[in-house]
Asks: 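So that we are looking at the same thing, I have put the structure below in structure tokens.
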Amino acid sequence: MIHITLKDGPAQDMASGVTAAQALKDLGMAGDRRVVAAQIDGEAVDLNAPLTRDCTIAPIPVGTPQGLEVMRHSASHLMAEAVRSLFPGVKIAIGPAIEAGFYYDFDAPEPFTPEDLARIEERMGQLVARDLPYERQEMSRGEAIRLFRELNEIYKVELLEEIPQDRVSLYRQGDFVDLCRGPHIPSTGYIGAFKLTGVSGAYWRGDERNPMLQRLYGTAFPTREELERHLELLQEAKRRDHRRLGRELGLFMVDEEAGAGMVIYLPKGALLRSIIEDFERREHLKRGYQMVMGPQMLKVDMWQRSGHWDNYRDHMYFCEVEGQMYGVKPMNCVAHMLIYKSRVRSYRELPLRFFELGTVLRHERSGVLHGLTRVRQFTQDDAHILCTPEQVESEILGVLDFVAEVMAIFGFEYEVELATRPEKSIGADAEWELATNALINALKTRNLPYHLCEGEGAFYGPKIDIKLKDALQRRWQCATIQCDFTLPERFDLTYIGPDGQRHRPVMLHRVILGSLERFLGVLVEHYAGAFPVWLAPVQLILLPITDRVHGYAREVARMLLEADLRVEVDDRPETLRYKIREAQLQKIPYMVIVGDREAADRTLSPRLRDGTEIKGMPLDEFLNRLKEESRVPVVSC
RNA sequence: GCUGGCGUAGCUCAAUGGUAGAGCGGCUGAUUUGUAAUCAGCAGGUUGCGGGUUCGAGUCCCAUCGCCAGCUCCA
């Protein structure tokens, strides 16, 4: 007999070998199909796994992230089975669950077409209907290698040859067998609703030197309704797409004749950007930053000295001027080094915080370009903080707080990642360790949970990356804080300490919004183009009903402009309904109707974006309301 | 850069290898309008660019530029 305890529940003695499913049932958990796996002492296992020792058990319902992952992983096996039965020559690679679904990589002689997708999906439906059990089987590594060799599954053999363990597990359902750790759902019927969502190429093991495989993407949910809701969310993302809204709202464009990845700002986009830039300058000056500006390109020697030549050359543009090679800046740090060096520095003036809205150019590979979020020329809200080693941590804290305050103003939540030393990097181990610890300590001081991303730091130092989450819960890399001990050394930066000796300052690179282009793109999607009043390029539009009131409308517009409000007047000879529709589609916060009645008693009748109508509001009341709403929101963190 | 898909009017999209069309938008005129599209007329294209196959190419082939979904990379 073994003693089994339900997590946060009763316990019972049972015969050794009882399955997890039976144990859960005996402990009062109804054996319904929403439970897809079990957790034994914290480890996820199949429902039909036999229990042979005292343990604590907990159900894994499909409604939890873990349960969903199990079901999707099983769905990927199912997809692989369908593919193998329809396309006999195809070899299987790997097929995990991912954030929004699952995929499986195949080595197929011909790429899959959308029609193939439909056939595969249909076959999967048939297999679900047959409710085939998933069966776990353990064997030695050697046996497994023999098995997959017989099946001519070379990718599985390659994976097996690198597995250190002696025992491996396989899962079978129907005619399909796969090397897999598990756990899986008990049978294919547990897959509620699924859909194949796309095909694309993917390198074997994510390495571009390896052959390219065909990756099939799909997603699965417990119920049809949840799947529908997910697909609806994808539609919503499409409606919010900044590339579409950017054009429709007259914000920006990319012209292939000008160059891929080169953003051209239209009047409203340029206005929006300058509103954000003004905001940034104020926020930085408030926090003790000094504005600086560096040149767009520097002699190539500078880039050799900084290490960019050795580590970043492939991403840089170069040009020759009177026989001298120049590198167009991909980062702003080098000029800031020179500014620091422009005179002798005392410890009394540290920390120095140099801030620049710096426009950089990076040669990104053509395939990665995307709207505003991935471009070749962009402007960073960049700063370099030079300080004593003792000041590093408090400076990092200052930046973390800065990020928190700014993100709250824009209404973003975010997640934090810590990226450590990559393979291709410069600097001494001791410095990397010191810098990494400083970052970790700051995160701990602020109680910020973080994901560790090993080997993903910049070539000159470790970094904290901030992934902000937009209204649709998508994550975007914007803010980053990077420690750098090497650049001050390479440029021989020093300060005179209290002891009269020269010392080496530490440098922090940091951005808050990151790239203004990317941030704008994210902002457009976050607000679906309906910017709050303080950001809206056009805050209100006056809609005169007849020519008779044009004079009054222009007088009101002048008054509002004097009050620094962003106003337009639509005095075209169109109907009111027409003008409202256009203003509504432009997502202007206030549509202000001006007719004979308003002109007579010197009032306005604003209509809000949400359809709310206000009639006969006195001029100064409206002015005060707009002035109030135009202020940068005050938030407390 | 790689894999696959796709480039037709400003936008969204039509056109069995056989004379390039529609809606919206634009322009002109009429309409002076009270909360999401007033009516009429007109203009708009070397089908991304360059080669080729063919009696004939938007359609087929090659190359190139760009876009889209991913991979790799990344603010």
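Residue numbering restarts at 1 for every chain, and letters A, B, ... go by the order of the sequence lines.
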Asks: Of the listed nucleotides (B/G1, B/U31, B/A75), which one gets closest to any side-chain atom of A/V375?
Replies: B/A75
Asks: Could you tell me how the ring of A/H230 sits relative to the ring of A/F221: parallel (under 30°), tilted (30 to 60°) or perpendicular (over 60°)?
Replies: tilted
Asks: Once the angle between the rings of A/H308 and A/Y460 is folded into 0 to 90°, is it parallel (under 30°), tilted (30 to 60°) or perpendicular (over 60°)?
Replies: tilted
Asks: A/R376 versus A/L369: any side-chain heavy-atom pair under 4.5 Å?
Replies: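 Sidechains of A/L369 and A/R376: in contact.
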Asks: Write down the distance between CD1 (A/I541) and C1' (B/U35), rounded to a whole number of angstrom.
Replies: 14 Å
Asks: Among B/C74, B/G1, B/C73, which is the nearest nucleotide to the side chain of A/H315?
Replies: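 Of all the options, the side chain of A/H315 is nearest to B/C73.
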Asks: Look at all strands and tell whether A/T113 reaches a base, only sugar-phosphate, or nothing, counting heavy atoms closer than 4.0 Å.
Replies: nothing
Asks: Within the 4.0 Å heavy-atom criterion, would you say A/R215 contacts the bases, only the backbone, or no part of the nucleic acid?
Replies: sugar-phosphate
Asks: Using Watson-Crick or G-U wobble geometry with both distances under 3.5 Å, which nucleotide pairs with B/G7?
Replies: B/C65
Asks: Do the non-hydrogen side-chain atoms of A/V399 and A/I464 ever get within less than 4.5 Å of each other?
Replies: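 No - every pair of side-chain heavy atoms lies 4.5 Å or more apart.
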Asks: Would you say the side chains of A/H550 and A/D571 form a donor-acceptor pair under 3.5 Å?
Replies: no
Asks: Taking atom P in both B/U47 and B/U32, compute the distance separating them and give it to the nearest angstrom.
Replies: 44 Å
Asks: Rounded to whole angstroms, how far apart are CE on A/M262 and P on B/C67?
Replies: 11 Å
Asks: Do any N or O atoms of the protein come closer than 3.5 Å to N or O atoms of nucleotides 3-7 of chain B, and which pairs are they?
Replies:
| residue | atom | partner | partner atom | Å |
| --- | --- | --- | --- | --- |
| B/U3 | O2' | A/Q214 | NE2 | 3.4 |
| B/U3 | O2 | A/G201 | N | 3.4 |

Asks: For residues A/F279 and A/F410, establish whether the separation of their ring centroids is below 6.0 Å.
Replies: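 Under 6.0 Å, so yes.
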Asks: So do the side chains of A/R287 and A/E405 get within less than 4.5 Å of each other, counting heavy atoms only?
Replies: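 Yes. Closest side-chain heavy atoms under 4.5 Å.
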Asks: Taking atom C1' of B/G1 as reference, at what distance in whole Å does atom CZ of A/R209 sit?
Replies: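 My rounded result for the distance is 14 Å.
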Asks: Under 4.0 Å, counting only non-hydrogen atoms across every strand here, what does A/R243 touch: a base, just sugar-phosphate, or nothing?
Replies: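 Counting heavy atoms under 4.0 Å across all strands, the contact made by A/R243 is with sugar-phosphate only.
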Asks: When we call it a touch if two heavy atoms are under 4.0 Å apart, what does A/Q377 touch: a base, just sugar-phosphate, or nothing?
Replies: nothing
Asks: Would you indicate which nucleotide in B/U33, B/C74, B/C71 comes nearest to any side-chain atom of A/R518?
Replies: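 Minimum distance to the A/R518 side chain belongs to B/C74.
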Asks: So what does A/D207 touch, heavy atoms closer than 4.0 Å: a base, only the sugar-phosphate, or nothing?
Replies: nothing
Asks: Does A/H526 reach the main-chain N or O of A/G411 with its side chain, forming a donor-acceptor pair under 3.5 Å?
Replies: yes
Asks: Does the base of B/C73 carry an N or O that pairs as donor and acceptor with the side chain of A/R374 under 3.5 Å?
Replies: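 In this structure, the two groups form a donor-acceptor pair.
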Asks: Pick base, sugar-phosphate or nothing for A/G206, based on heavy-atom distances below 4.0 Å to the nucleic acid.
Replies: sugar-phosphate
Asks: Can you tell me the distance, in whole Å, between the CG atom of A/N311 and the C1' atom of B/C73?
Replies: 15 Å
Asks: May I ask you to test the A/H242-A/T373 pair for a side-chain heavy-atom distance under 4.5 Å?
Replies: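 Answer yes - side chains close enough.
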Asks: Using the six-membered ring for Trp and the full ring for Phe, Tyr or His, decide whether A/Y578 stacks on the six-membered base ring of B/A36 (centres under 5.5 Å, planes under 30°).
Replies: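 Stack criterion not met.
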Asks: Report the base-pairing partner of B/U19 (Watson-Crick or G-U wobble, both distances below 3.5 angstrom), or none.
Replies: none
Asks: Could you state the CG-P distance from A/D241 to B/C67, rounded to the nearest angstrom?
Replies: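 A/D241 atom CG is separated from B/C67 atom P by 14 Å.
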Asks: Check whether any side-chain nitrogen or oxygen of A/H370 sits under 4.0 Å from OP1 or OP2 of B/C74, and answer yes or no.
Replies: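 No, no such contact exists.
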Asks: Rounded to whole angstroms, how far apart are CG on A/L540 and C1' on B/U35?
Replies: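 In whole Å, B/U35 C1' and A/L540 CG are 16 Å from each other.
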Asks: Using Watson-Crick or G-U wobble geometry with both distances under 3.5 Å, which nucleotide pairs with B/G29?
Replies: B/C39
Asks: I need the CG-P distance between A/L369 and B/A75, as an integer number of Å.
Replies: 15 Å
Asks: Would you mind telling me which of B/U32, B/U35, B/U72 lies closest to the side-chain atoms of A/P573?
Replies: B/U32
Asks: If you compare every side-chain N and O of A/R607 against the phosphate oxygens of B/A36 (OP1, OP2), does one of them come in below 4.0 Å?
Replies: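 Yes, A/R607 has a side-chain N/O under 4.0 Å of OP1/OP2 on B/A36.
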Asks: For A/L623, which of A/L604, A/L565, A/V556 qualifies under side-chain contact (heavy atoms from CB on, under 4.5 Å)?
Replies: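 The residue from A/L604, A/L565, A/V556 that satisfies side-chain contact (heavy atoms from CB on, under 4.5 Å) with A/L623 turns out to be A/L565.
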Asks: Any side-chain N or O of A/K463 under 4.0 Å from OP1/OP2 of B/A75?
Replies: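 Indeed, a polar side-chain atom of A/K463 lies that close.
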Asks: Any strand counts, and the cut-off is 3.5 Å on both contacts for Watson-Crick or G-U wobble. Which nucleotide pairs with B/C71?
Replies: B/G1
Asks: Looking at the base of B/A75, is there any donor atom on it, or on the side chain of A/E364, that sits under 3.5 Å from an acceptor on the other one?
Replies: yes
Asks: Any side-chain N or O of A/R548 less than 4.0 Å from the OP1 or OP2 oxygen of B/U33?
Replies: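 So the side-chain polar atoms of A/R548 do come within 4.0 Å of the phosphate oxygens OP1 or OP2 of B/U33, strictly under.
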Asks: Among the nucleotides B/G34, B/C67, B/U32, which one has an atom lying closest to any side-chain atom of A/I545?
Replies: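 Minimum distance to the A/I545 side chain belongs to B/G34.
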Asks: Which residues in residues 417-427 of chain A have at least one heavy atom lying under 4.0 Å from any atom of RNA chain B?
Replies: none
Asks: Ignoring backbone atoms, establish whether A/T480 has a side-chain N or O less than 4.0 Å from OP1 or OP2 of B/A75.
Replies: no
Asks: Regarding A/V368, tell me which of base, sugar-phosphate or nothing describes its non-hydrogen contacts under 4.0 Å with the strands shown.
Replies: base
Asks: Can you label the angle between the A/F531 ring and the A/Y527 ring as parallel, tilted or perpendicular, going by 30° and 60°?
Replies: perpendicular
Asks: Test for a donor-acceptor pair under 3.5 Å between the base of B/G70 and the side chain of A/Y103, counting only N and O atoms.
Replies: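 No.
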Asks: Nearest nucleotide by nearest heavy atom, which residue falls closer to the 5' end of RNA chain B, A/R609 or A/G259?
Replies: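 Taking each residue's closest nucleotide, the earlier one in sequence belongs to A/R609.
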Asks: Can a donor-acceptor pair under 3.5 Å be found between the side-chain atoms of A/E582 and the base atoms of B/G25?
Replies: no
Asks: Here's a test of your reading of the structure: between A/H363 and A/G595, which maps to the more 5' nucleotide of RNA chain B?
Replies: A/H363
Asks: Return the value, rounded to whole Å, for the distance between atom CZ of A/R474 and atom P of B/A69.
Replies: 12 Å
Asks: Between B/G70, B/U72, B/G34, spot the one nearest the side chain of A/Y217, thanks.
Replies: B/G70
Asks: Any sub-3.5 Å donor-acceptor pair from A/R215's side-chain atoms to A/G95's backbone N or O?
Replies: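 Looks like no, no N/O pair under 3.5 Å.
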Asks: Heavy atoms from C-beta onward define the side chain here; which of B/G26, B/U33, B/G34 lies closest to that of A/R572?
Replies: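 Looking only at heavy atoms from C-beta outward on A/R572, the closest nucleotide is B/G26.
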Asks: Regarding A/Q584 and A/R607, is there a side-chain donor-to-acceptor distance under 3.5 Å anywhere?
Replies: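 Judged by distance alone, the side chains do pair up.
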